[in-house]
Student: 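One structure follows; several queries about it will come next.
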Amino acid sequence: RVIDLEMNSHYYKKFNERNGIYLFKIVSLSDKSVTIQININNFRSKDGSVIKRYTLKDDEGKEEDEIGLIKYDIYLENIKEKYYNNDKLTKLEKYMLMLKLRKREELLEVSKGDKSMSEVYKKLDDLSKDKYYALLYDEEEKKAYENKCILEDAIEDAKENGYSSGLNDGESKKTIEIVKNMLKKN
């Protein structure tokens, strides 16, 4: 089996398309019978689901086993919400929650009483202090791509909804430049 792990920080319309491209690229390069994509989404699902499972189905709704594609979406915000509402979490949900929590005290609390989770806590704590690993992640590059997608979504939504600013080309370009600068500054 091949497992493709994806982390999606924000929802934007094309994130599923992007992850689909990765998935099919992996499938086409792999000689394995099953490819699993796990999308860890740092946002809330629209329907409140914590974990969703998808497979390809034929016209009659039966899973197409010979293709061997399985996709999971895990929604960290929904898991965090369960945690803060004191709802019971599965072990997998606790592991996923550890990716979301920022405070060491909360991480320690979630891992209490479970040896393997305590080891994960220790590893996360050690990694968070290691400057080498901090440099591997290019947040600016990732944010620039996401902002570009968010801007494209906003323009597409405006066009679909028939909004017209009545601005001339020069004013439109200036407005778009202002929006881009605002996105850069969050």
Side-chain angles (χ1 to χ4, degrees), residues 1-27 29-30 32 34-55 68-150 153 183-186:
R1 293 185 178 174
V2 175
I3 298 177
D4 171 36
L5 295 172
E6 300 290 338
M7 180 68 190
N8 303 297
S9 293
H10 303 285
Y11 175 81
Y12 50 93
K13 288 182 181 179
K14 294 183 181 176
F15 96 94
N16 270 324
E17 182 181 318
R18 184 199 65 169
N19 289 343
I21 290 168
Y22 290 148
L23 181 61
F24 286 105
K25 191 182 292 185
I26 290 167
V27 168
L29 296 173
S30 172
K32 305 298 181 193
V34 177
T35 301
I36 301 170
Q37 183 179 67
I38 301 172
N39 295 303
I40 302 170
N41 302 317
N42 197 23
F43 49 86
R44 188 174 269 102
S45 70
K46 291 179 182 178
D47 65 1
S49 299
V50 172
I51 299 174
K52 292 182 182 182
R53 181 181 187 268
Y54 304 92
T55 57
L69 287 176
I70 303 169
K71 176 183 161 189
Y72 292 94
D73 282 338
I74 300 172
Y75 294 92
L76 297 180
E77 279 294 322
N78 295 75
I79 294 171
K80 185 176 167 186
E81 188 175 299
K82 279 181 73 173
Y83 171 70
Y84 287 133
N85 288 334
N86 294 317
D87 294 341
K88 185 166 175 52
L89 299 176
T90 66
K91 191 168 185 171
L92 174 61
E93 290 171 340
K94 286 181 180 181
Y95 276 118
M96 293 294 103
L97 180 64
M98 293 179 89
L99 297 173
K100 180 74 178 160
L101 296 177
R102 300 270 188 235
K103 297 179 183 174
R104 283 185 166 85
E105 302 81 34
E106 290 178 321
L107 285 166
L108 191 56
E109 179 186 323
V110 168
S111 66
K112 249 185 213 165
D114 186 296
K115 184 180 177 188
S116 62
M117 289 192 79
S118 294
E119 290 171 9
V120 170
Y121 164 77
K122 174 83 173 97
K123 185 68 174 174
L124 286 172
D125 191 49
D126 290 346
L127 287 172
S128 70
K129 296 173 188 171
D130 189 319
K131 289 182 171 67
Y132 171 78
Y133 288 105
L135 294 173
L136 291 177
Y137 180 68
D138 188 349
E139 186 170 357
E140 291 302 315
E141 182 180 316
K142 185 178 132 317
K143 207 157 215 20
Y145 176 77
E146 288 174 356
N147 287 341
K148 176 184 168 283
C149 290
I150 291 167
D153 286 352
L183 286 170
K184 286 179 188 172
K185 295 179 181 179
N186 272 332

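Remember, predicted model here, so these are calculated numbers, not experimental data.
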Student: The criterion is salt bridge (Lys or Arg N to Asp or Glu O under 4.0 Å); which residues satisfy it with Glu81, sequence neighbours excluded?
Tutor: Arg44

Student: Would you give the length of the straight line joining atom OH of Tyr121 to atom CZ of Arg104, rounded to the nearest 0.5 angstrom?
Tutor: 6.5 Å

Student: Quick one: CD on Glu146 to OG on Ser9, what's the gap to the nearest 0.5 Å?
Tutor: 4.5 Å

Student: Would Met96 and Leu89 count as a side-chain contact (heavy atoms from CB on, under 4.5 Å) here? Give the steps.
Tutor: CA-CA 10 Å; Met96 293 294 103; Leu89 299 176; over 6 Å; no

Student: What residue among Met98, Lys100, Glu105 forms side chain to side chain contact (heavy atoms under 4.5 Å, CB included) with Val110?
Tutor: Met98

Student: Would you say that Lys148 contacts Tyr12 through its side chain, given a criterion of any heavy-atom pair below 4.5 Å between the two side chains?
Tutor: no

Student: Within this structure, what is the CD1-CD1 distance for the pair Ile40 and Ile51, rounded to the nearest 0.5 Å?
Tutor: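 Spacing of CD1 (Ile40) from CD1 (Ile51) equals 10.0 Å.
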
Student: Which heavy atom of Ser116 sits nearest to which heavy atom of Tyr95, and what is that distance?
Tutor: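 For Ser116 versus Tyr95, the nearest heavy atoms are OG-OH, 2.8 Å.
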
Student: Are Glu109 and Leu101 close enough that some pair of their side-chain heavy atoms sits under 4.5 Å apart?
Tutor: no

Student: Restricting to side chain to side chain donor-acceptor pair (under 3.5 Å), what partner residues turn up for Asn85, sequence neighbours left out?
Tutor: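 Side chain to side chain donor-acceptor pair (under 3.5 Å) list for Asn85, sorted by chain: empty.
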
Student: Taking salt bridge (Lys or Arg N to Asp or Glu O under 4.0 Å) as the definition, give me every residue that meets it alongside Lys94, ordered by chain and number, with sequence neighbours left out.
Tutor: none

Student: Report yes if the side chains of Lys71 and Asn16 come closer than 4.5 Å at any heavy-atom pair, otherwise no.
Tutor: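 Result yes, sub-4.5 Å side-chain heavy-atom pair found.
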
Student: Give a yes or no on whether the backbone of Ser111 and the side-chain of Ser118 come within a donor-acceptor separation of less than 3.5 Å.
Tutor: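 Yes; judged by distance alone, with no hydrogens or angles, the pair exists.
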
Student: The criterion is side-chain contact (heavy atoms from CB on, under 4.5 Å); which residues satisfy it with Ile3, sequence neighbours excluded?
Tutor: Leu5, Ile36, Ile38

Student: Please list, chain by chain and in numerical order, all residues satisfying side chain to side chain donor-acceptor pair (under 3.5 Å) with Tyr11, sequence neighbours excluded.
Tutor: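 Residues passing side chain to side chain donor-acceptor pair (under 3.5 Å) with Tyr11: none at all.
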
Student: Go through the structure and list residues passing side-chain contact (heavy atoms from CB on, under 4.5 Å) with Asp126, not counting sequence neighbours.
Tutor: Lys122

Student: Taking only residues two or more places apart in sequence, or in another chain, which ones meet Asp153 in a side chain to side chain donor-acceptor pair (under 3.5 Å)?
Tutor: none

Student: Roughly how far, to the nearest 0.5 Å, is CE of Met7 from CG of Asn41?
Tutor: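 Output value for this atom pair is 7.5 Å.
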
Student: Checking Val50 now: which residues fulfil side-chain contact (heavy atoms from CB on, under 4.5 Å) with it, not counting sequence neighbours?
Tutor: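 Applying side-chain contact (heavy atoms from CB on, under 4.5 Å) to Val50 gives Asn78, Ile79, Lys82, Glu93.
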
Student: Can you tell me how far apart OG1 (Thr90) and CG (Leu97) are? Round to the nearest 0.5 Å.
Tutor: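 Those atoms lie 10.5 Å apart.
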
Student: List the residues meeting salt bridge (Lys or Arg N to Asp or Glu O under 4.0 Å) with Asp114, not counting sequence neighbours, and say none if there are none.
Tutor: Lys91

Student: Excluding sequence neighbours, so at least two apart, what forms salt bridge (Lys or Arg N to Asp or Glu O under 4.0 Å) with Lys80?
Tutor: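 In terms of salt bridge (Lys or Arg N to Asp or Glu O under 4.0 Å), with neighbours along the sequence ignored, Lys80 is linked to no residue.
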
Student: Once side chain to side chain donor-acceptor pair (under 3.5 Å) is applied, do any residues pair with Asn39, and if so which ones, sequence neighbours excluded?
Tutor: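 For Asn39, the residues satisfying side chain to side chain donor-acceptor pair (under 3.5 Å) (neighbours in sequence not counted) are Asn19, Gln37, Asp73.
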
